[in-house]
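Written below as structure tokens is the structure these notes are about.
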Amino acid sequence: MREKKKDKTEKNWKENKTISEAMDKLENKRFRSVVRWVFEIAVTLAFAALVAIMLFQSVTMQESSMEPTLSVGDKYFVNRLVYKVSSPKRGDIIVFRTNGSDDAALHIRRVIGLPGETIQIVDGQILINGETYREGKDFPSISNPGMAAAPVTLNSGEYFVLGDNRNNSEDSRYGDIGKVNKKYIFGKLWFKISPVKEIGPLKG
């Protein structure tokens, strides 16, 4: 009788131990699953943040040079990737620095002349390789051609930019800006984020 009771006790102990071990394994599995889930979420968020930093950065329009297309105080996202895989096109609104210093101010202007072209401003009109450039927008006649009174030839990687506020803009007509080298182009203006009522892709 005692042997049977002992056997039963041992059997119960083994069953309890087995159940306990199974529970421990289950708890460990759940813990690992939670840790893995947290890790995956953290990596995803970190990757998303990195992509956002690499691709998009906000910039505030601080000059009146692009009015009325862009207003002082408006905020935009800049696509920083696009010109790493392609080149600026005529009409693009770009964000650039005048030199390689990270402390150099960011400027926003419209691309007019492309590498290899010759730009000149005559009688208020833009000439590209001797032909009048028709922009398709109602920009004012240019009263001061600046350095572009004489032909300006663009070398490889150089761009000629103008502000849409043609008679109140410091751009490639003047020495402080001059020709814009692609290596100093920060990105392309593409999405308006402020004011809130005007949020959306950049038009113009």
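Residue numbers count from 1 along this sequence.
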> In this structure, which one of Arg173, Lys179, Glu158 forms a side-chain contact (heavy atoms from CB on, under 4.5 Å) with Val152?
Replying inline: Lys179
> Does NZ or CZ of Arg166 come closer than 6.0 Å to the centre of the six-membered ring of Phe139, within 45° of the ring's axis?
Replying inline: yes
>> For Tyr133, does the six-membered ring have the charged nitrogen or CZ of Arg90 within the cation-pi criterion, i.e. under 6.0 angstrom from the centroid and within 45° of the normal?
In response: yes
Evaluate the side-chain proximity of [Y] to [X]: yes if any heavy-atom separation is below 4.5 Å, no if none is.
X      : Y      : value
Ile119 : Leu154 : yes
Tyr174 : Met147 : no
Thr98  : Tyr184 : no
Phe191 : Asn79  : no
Lys188 : Ile93  : no

Tell me if a side-chain donor or acceptor on [X] pairs with a main-chain N or O of [Y] at a distance below 3.5 Å.
X      : Y      : answer
Asn165 : Met66  : no
Asn144 : Gly146 : yes
Ser172 : Val161 : yes

> When Ile, Leu, Val, Met, Phe, Trp and Tyr are grouped by side-chain heavy atoms lying under 4.5 Å apart, directly or through other members, which residues fall in the same group as Leu127?
Replying inline: Val122
>> Assess the residue pair Thr69 and Asp164 against the criterion (side-chain hydrogen bond (donor to acceptor under 3.5 Å, both in side chains)); give the C-alpha distance rounded to whole Å, side-chain angles, the decisive distance to 0.1 Å, and a yes or no.
In response: CA-CA 7 Å; Thr69 307; Asp164 287 358; 2.6 Å; yes
> Do the ring planes of Phe77 and Trp190 sit parallel (below 30°), tilted (30 to 60°) or perpendicular (above 60°)?
Replying inline: parallel
> How many angstroms lie between CG in Leu202 and CG in Asp92, if you round to the nearest 0.5 Å?
Replying inline: 10.0 Å
> Less than 4.0 Å between a side-chain N and a carboxylate O, is that true for Arg109 and Asp171?
Replying inline: no
> What is the minimum heavy-atom distance between Ile126 and Ile142, and which atoms define it?
Replying inline: CG1-CD1, 3.9 Å
> Has Asn155 got more than 12 heavy atoms of other residues, nucleotides or ligands less than 6.0 Å from its CG?
Replying inline: yes
